[in-house]
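The structure under discussion appears below in the form of structure tokens.
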Number of protein chains: 2
Amino acid sequence: MKRAARNVIPRKAVYRLSLYHRCLNKLRHNGITTVSSEALARAAAVKPTQLRKDLTYLGQIGRRGLGYDVEQLAQMIADTLGTNSLQPVILVGVGNLGAALLAYRGFEPEGFEIVAAFDAVPQPRRREGPPVLPMDRLAAFVAESTVRMAVLCVPAHAAQEVANQLVAAGITGILNFAPIVLAVPDDVVVNNVNLAIELENLSYFIQG
Amino acid sequence: MKRAARNVIPRKAVYRLSLYHRCLNKLRHNGITTVSSEALARAAAVKPTQLRKDLTYLGQIGRRGLGYDVEQLAQMIADTLGTNSLQPVILVGVGNLGAALLAYRGFEPEGFEIVAAFDAVPQPRRREGPPVLPMDRLAAFVAESTVRMAVLCVPAHAAQEVANQLVAAGITGILNFAPIVLAVPDDVVVNNVNLAIELENLSYFIQG
DNA sequence: AATTGTGAATTGATTCACAGCT
DNA sequence: AGCTGTGAATCAATTCACAATT
């Protein structure tokens, strides 16, 4: 039997929900408790109607004539995205980029924690932060934990092989920094972050 | 007078053109000189019809019954994207992420070169690679060079202020890693790379 | 015979316009 | 009066189906 057909939110709308969530946190931080679609849309650089349309995916949550309760809306978005509790993530490939992401303190405020890193040749010299383990510990680690998401920072030539290992271990979401198209089963989700492609894209659009 | 209205290629199509370009390079590397839309589409994980439609933005380039000339198609895409010559890029904010990107050897093969980096407090300890300069050198550096694109890796609280400086200096394309929505003039293009948003997105789509 | 190029059809996303609450 | 929620309308992207070309 296929997975139950949750009424799915379009990918672009999910991105924007993340964005709204970040803006709401900022508002909350400033002690603001209520916000109109117009104000929130401005903060997120989208149109108010698009914001309202996006929010209908969560059900009815605003109050006409008043706006949205900042706290409640943030909560509902977090519920929907599944980021209400701190989510464990593993990182594979502790090279330049991988090490930088390990050291980056920006994930936890957003609800993600890198619980372990893996590398073919883990350097023993580690300060604080998550343990860096050899690749052969990967399968057992994932099996014993609730981790479902991995950040993949290995070189392109190794990426497909490592992705296969991740999938075999039970990982179902991969944030892929390697500049290749990963082949994975249908039930595994891959998000690609490709810096060269982003630069090429910029390059095209700035040509005047 | 407004900029001449080049018949513009949709952003998503530009992304895919980058992707095709990468695949073509791989084919070329393997000594393959001709490819069908079906084969290339499979390599890029898109549908053949979409590939062909995307390529029509470049004009007519394939040969019916035969397919595409790998070399020629790669060339035309590079021409269109403006990545035929090595493009200079600056990087601002040499923290964890910025340092990792500086050390990352993956840009040059794709046609980009980080020609200088800037930081509020540049560390003197530098091995090889581009110079790391103090922020107050930014304006002069950009003025004297042909750089138009910048990679922005400063912390969120500084990002808008630094973006203003970049724009004032004449930068027209920004690859922004800071988790905020930058306000820039219309003629400046911003591409956002937001790791937390990518993770939240994954988080949603792996929920079963 | 094989494979591109493309108008037409379809699907999806965004915006509009206004009804419906508070 | 103010602001949300949403069906309808518009706009954009994708896919189909097949004519055109080698």
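Sequence lines set the chain letters: A, B, ... in the order given, protein chains first and strands last, and positions in each chain run from 1.
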Let me know the distance between CG of A:L51 and C1' of C:dT15, rounded to the nearest Å. 14 Å

Of the listed D:dA17, C:dG5, C:dA13, the closest approach to the A:P10 side chain comes from C:dA13

Does D:dG5 have OP1 or OP2 under 4.0 Å away from a side-chain N or O of A:Y68? yes

What closest approach, in Å, do A:A120 and A:M135 show between heavy atoms, and which atom pair accounts for it? N-CG, 3.8 Å

For the pair B:L55 and B:Y20, evaluate side-chain contact (heavy atoms from CB on, under 4.5 Å) and give the outcome as yes or no after the intermediate values. CA-CA 10 Å; B:L55 294 186; B:Y20 307 152; 4.3 Å; yes

Any chance CD of B:Q50 has more than 12 other-residue heavy atoms, nucleotides or ligands included, within less than 6.0 Å? yes

Using a 4.0 Å heavy-atom cut-off across all strands, classify A:K12 as base, sugar-phosphate, or nothing. sugar-phosphate

Using OP1 and OP2 only, check whether a side-chain N or O of B:R64 sits under 4.0 Å from D:dC18. no

Between atom NZ in B:K53 and atom P in D:dA13, what is the gap in whole Å? 12 Å

A:L66 CG to C:dG20 C1', in whole Å, measures 14 Å

Just compare C:dT6, C:dT15, D:dT6 and give me whichever is closest to any side-chain atom of A:R52. D:dT6

Look at all strands and tell whether B:S36 reaches a base, only sugar-phosphate, or nothing, counting heavy atoms closer than 4.0 Å. sugar-phosphate

Using only atom types and a distance under 3.5 Å, with no angle test, would you say the side chain of A:T80 pairs donor to acceptor with the backbone of A:M76? yes

Assign B:R16 to base, sugar-phosphate, or nothing according to its heavy-atom contacts below 4.0 angstrom with the strands shown. sugar-phosphate

Side-chain N or O of B:Q60 less than 4.0 angstrom from OP1 or OP2 on C:dT6? yes

Position toward the 5' end of DNA chain C (nearest nucleotide), B:R63 or A:D54: B:R63

I need the NZ-P distance between A:K47 and C:dA17, as an integer number of Å. 13 Å

In whole angstrom, give the distance that lies between atom CD of B:Q50 and atom C1' of C:dG12. 13 Å

Rounded to the nearest angstrom, tell me the gap between atom CD in A:E38 and atom P in D:dG5. 15 Å

Is there a donor-acceptor contact under 3.5 Å from the side chain of B:D119 to the main chain of B:V94? yes

Rounded off to whole Å, could you give me the CG-to-C1' distance for the B:L55 and C:dT3 pair? 13 Å

Scan A:I61 against the nucleic acid and name what it touches under 4.0 Å (heavy atoms): base, sugar-phosphate only, or nothing. sugar-phosphate

So, is A:S37 near the phosphate of D:dT4, with a side-chain N or O under 4.0 Å from OP1 or OP2? yes

How long is the line joining OH of A:Y15 and P of C:dG12, in whole Å? 19 Å

Counting only side-chain N and O atoms of A:T56, is one of them less than 4.0 Å from OP1 or OP2 of D:dG5? no

